[in-house]
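Beneath this line is the structure, given in structure tokens, with notes to follow.
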Amino acid sequence: MSEDDNNMEEYPAEIHDYLTAFEKSLGSVDEMLKTMMSVSRSELLQKLDPLEQAKLDLVSVYALNSMFWVYLATQGINPKEHPVKQELERIRTYMNKVKEIADKKKASKLDKGAASRFVKNALWEPNAENEHISKTPAKGKKRQ
């Protein structure tokens, strides 16, 4: 009997696919962490602008706290009742703030002068039929 057959008997067959996917995900996390750890933090931060540094720090701390969440769950502790839940919410708040800042940087700037000229030229003027005769209105004449 192979080792896989013994393992299959220890847990229900329905969760085998979930465990296989979980194992693959752990492998991906392990590879990502190895990649991140291969470069020194100071060397990495020198290459990034402050906004990118903040993003990196937030992703790192979120990943660490998420792994702690999973650890608590594997130990039979309800992570929803642990302070790690508040920490993850706090980190999400800061992630949203950084996202807002990044979105503001990406947003197009409004040229107020050009916009007002565009609107002014696009609006219909009641004296438009008189404009082709003279651009400057006659002063002192009353409208009929």
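Note on Ile77: it clusters hydrophobically with Trp69, by side-chain heavy-atom contacts below 4.5 Å among ILVMFWY residues. Residues Leu51 and Val61 share a single hydrophobic cluster, defined by chaining ILVMFWY side chains whose heavy atoms lie under 4.5 Å apart. Note: the hydrophobic cluster containing Leu48 does not contain Tyr62 (ILVMFWY, side chain heavy atoms under 4.5 Å, direct or indirect links). Leu33 and Leu64 fall into different hydrophobic clusters, defined by Ile, Leu, Val, Met, Phe, Trp and Tyr side-chain heavy atoms under 4.5 Å apart, directly or through other members.
Summarising the geometry, atom CD belonging to Gln53 is positioned 5.0 Å from atom CG belonging to Leu45; distances are rounded to the nearest 0.5 Å. To the nearest 0.5 Å, atoms CG (Asn65) and NE2 (His82) are separated by 10.5 Å. Atoms NZ and CG, on Lys24 and Leu19 in that order, are 14.0 Å from each other to the nearest 0.5 Å. Rounded to the nearest 0.5 Å, atoms CE (Met95) and OG1 (Thr93) are 11.0 Å apart. Atoms CD and OG, on Glu43 and Ser38 in that order, are 9.0 Å from each other to the nearest 0.5 Å.
Taking every heavy atom of both residues into account, Val84 and Pro79 meet most closely at CG1-O, 4.0 Å. Met67 and Val29 get closest at one heavy-atom pair: SD-CG1, 4.1 Å. Nearest heavy atoms, Leu58 versus Ile91: O-CG2, 4.0 Å.
Applying the salt bridge (Lys or Arg N to Asp or Glu O under 4.0 Å) test to pairs two or more places apart or on separate chains, those with a residue in residues 53-73 are Arg41-Asp57, Glu52-Lys55.
Checking side-chain atoms of Asp30 against main-chain N and O of Leu26 turns up no donor-acceptor pair under 3.5 Å.
Of the charged side-chain nitrogens involved, at least one lies within less than 4.0 Å of a carboxylate oxygen, so that Glu89 and Lys85 count as a salt-bridged pair.
With a 6.0 Å radius and a threshold of 12 heavy atoms from other residues, nucleotides or ligands, Gln86 has its CD atom above the threshold.
Under the ring-ring contact (aromatic ring centres under 6.0 Å, His included) criterion, Tyr71 pairs with no residue at all, not counting sequence neighbours.
Looking at Glu87 and Phe68, their side chains never come closer than 4.5 Å, going by heavy atoms from C-beta outward.
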